[in-house]
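Here's the structure we're looking at; comments come further down.
Keep in mind that what you see is a predicted model, and the values were worked out from it rather than measured. Hydrogens, waters and symmetry mates play no part in the numbers below; they use all other heavy atoms, side chains included. In what follows, chains are A, B, ... by sequence order, proteins preceding strands, each numbered from 1.
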Amino acid sequence: MSENANKLIHTFGALAELGHEVTNKSNFQDTIRTSLHLLLGSLAIMRGGVARYSRFEHELNMLAVRGLGDEFPLSFSLCDEDERQFLTNGLYPIEISKAGVLPFFQVHDQTFDPAKLQLLLPLVIRDETVGVVFLGEKATGEPYTDYDKEIICAMGRHIGGAIAQRNMLSELERRSDENRKLYENLRTTYSDTVKAFAAAIDCKDKYTEGHSVRVGKYSEIIGAELGWGEDEVEGAAVAGYLHDVGKLTVERKIINAPYRINAKESAELNKHPAVGYEILLPIHHPYTDVPLAAKYHHERLDGRGYPDGLYDREIPYIAKIVNLADSFDAMTTDRPYKRRRPANEVFEDLQRNSGKQFAPEIVAALFRGLLKELNGESGEKRFRKLLGREYMETEGLAPMLKNSLNGMTPTSPLTMISLD
Amino acid sequence: MDLETQTSRVQRMEDKTAVVFADDYLNKLTGEKIERECRLRLNEGCTELVVNFSRTEIVNSIGVSILLGVIDSASNAGANVVFSDVNENTVELFEMLGVSKHALVNSKS
Ligand SMILES: [Fe+2]
């Protein structure tokens, strides 16, 4: 085989391998190091380096260096003129003797050993400079031929392509990171706003201080106990926090009445779910229909609730959860005209009303959450914080909850009737 | 045989000569280990570095680049480089690329 044919096989082997290297998904640094080896080895070039250009920082940073010596800078600052020159030149090697026109080259003239550096290749990809390849002398000691330069261009195009692709990926990552942070901020802001709103609602009603916040927390616990995902659980909490927002428009004296309110006052108070719905309509929670939760949190499975007297399956699920959380809090806190009821009585009541007012599986979820905390399985003290230690230490509470859970049918009688 | 045992397969000879086996991983990024090994020997004061190619079938561009690195380190340290047991094809390649100008190449006899 002739020497030329051998040379061709060797160089094209390198070119093929480089193409393979930059298209497989290996580590970027390794890709660049391997690419430099392939470029230097294909033409037996004694030394060289690959730098990546950051157009935001106007900086060339060396990614891989071989044999250029310890004094060789790892980073160069470029100016607009450098960039302009590179773009005009395009992806073609610049002889070091002609590199003096580049401002950055003048700055570093002293550090560049002319014996060690012979060519500069601006990596211009799609009209953008993404890097520069520095090349030293050939092992033969001969000058670079046009053929050599063509090979260098072809390989430079691969290396530049790999850098451009990497830049695009970094940009995408940066943007998605920014989006994630924005979203998290928004979420925090949203959740803070919701809590502030809940506090505002509770302020209006001095006898039921903290009611909305507690309903939010019970709804959250129930959602989690039903096996919902993080976002849905958050949605349940929001629905709980805001369920009584309509009360903001009800006269304070009705809400705070220290007696059983009359029919007229009652009609006024009963408007709060519909008013709440109107207020919350602009809230688009991605996982929960917060406005519907407010509108129907006083509906009952047996159709005896208000405002629309909906039956079981007509009631949005989230409204059923908030309804139970709301009732549970009403029973377990002191009211203007009523002391809170003992724990065993509350749980008996909830069980008895399963399938009438409450959805049995939602009652079961609440019981399960409470039982887990009593047994120390949940490792949390959420109920204890909400109900007080004394209430939680009611004698026989855990066995009672366990019994109730065993006795509760998973489907309500009403659901079964409607299925027939 | 793993890489570690292969690269450490260095025979110490009299007169500060070190022998390093090129093997096949010379042709991959892992071949940089050979360079490190050689630099270590040079730092220890070795004046002649012998790279043995008896177990190397073919040398590709990565291999050439790594060998040029070895040559450069040796020349900076003032040491000689010998490529021994090189097969015919590789001898041709080294001559064509000018590698032979920087190291004594002994072909497989
Ligand atoms: Fe309400």
Exercise. For B:Lys108, does the NZ atom have more than 12 heavy-atom neighbours from other residues, nucleotides or ligands under 6.0 Å away?
Worked result: yes

Exercise. Just how far is it from atom OG1 of A:Thr140 to atom CD of B:Glu95, taken to the nearest 0.5 Å?
Worked result: 13.5 Å

Problem set entry | Neighbour count >12 (heavy atoms, 6.0 Å) for atom CG, A:Asp127 | no

Problem set entry | Max heavy-atom pair count under 4.5 Å with chain A, selected residue of B:Gly98, B:Ser100, B:Ser65, B:Gly69 | B:Ser65

Exercise. Are any of the side-chain heavy atoms of B:Asp72 and A:Arg66 separated by less than 4.5 Å?
Worked result: no

Exercise. Does a sphere of radius 6.0 Å around CG in B:Asn43 hold more than 12 heavy atoms from other residues, nucleotides or ligands, not counting ones at 6.0 Å or beyond?
Worked result: yes

For this session: Please say which of A:Leu40, A:Leu38, A:Leu43 ends up in a side chain to side chain contact (heavy atoms under 4.5 Å, CB included) with B:Ser61.
Result: A:Leu38

Exercise. Which region of B:Leu67, side chain (C-beta onward) or backbone (N, CA, C, O), has a non-hydrogen atom less than 4.5 Å from a non-hydrogen atom of chain A, or is it both or neither?
Worked result: neither

For this session: For atom CD of A:Glu178, decide whether the heavy atoms of other residues, nucleotides or ligands shown that lie under 6.0 angstrom number more than 12.
Result: yes

Seminar exercise, completed: To the nearest 0.5 Å, atom CD1 of B:Ile62 lies from atom CG of A:Leu36 at 10.5 Å

Exercise. Could you give the distance from NZ (B:Lys101) to NZ (A:Lys138), rounded to the nearest 0.5 Å?
Worked result: 10.0 Å

Exercise. With a cut-off of 6.0 Å (strictly less than), are more than 12 heavy atoms of other residues, nucleotides or ligands near CD of A:Glu171?
Worked result: yes

For this session: Without swapping roles, check the side chain of A:His37 against the backbone of B:Leu29 for a donor-acceptor pair under 3.5 Å.
Result: no

Problem set entry | CD-OG1 distance between B:Glu32 and A:Thr34, expressed to the nearest 0.5 angstrom | 7.5 Å

Seminar exercise, completed: If one checks every heavy atom of A:Ile45 against chain B at 4.5 Å, the contacting part turns out to be backbone

Exercise. Just wondering, are more than 12 heavy atoms of other shown residues or ligands nearer than 6.0 Å to CZ in A:Arg175?
Worked result: no

For this session: Answer yes or no: are there more than 12 heavy-atom neighbours, outside A:Glu81 itself, under 6.0 Å from its atom CD?
Result: yes

Exercise. Does B:Leu104 CG have over 12 foreign heavy atoms under 6.0 Å away?
Worked result: yes

Exercise. So which of B:Asn60, B:Val59, B:Val64 has the biggest tally of heavy-atom pairs under 4.5 Å with chain A?
Worked result: B:Val64

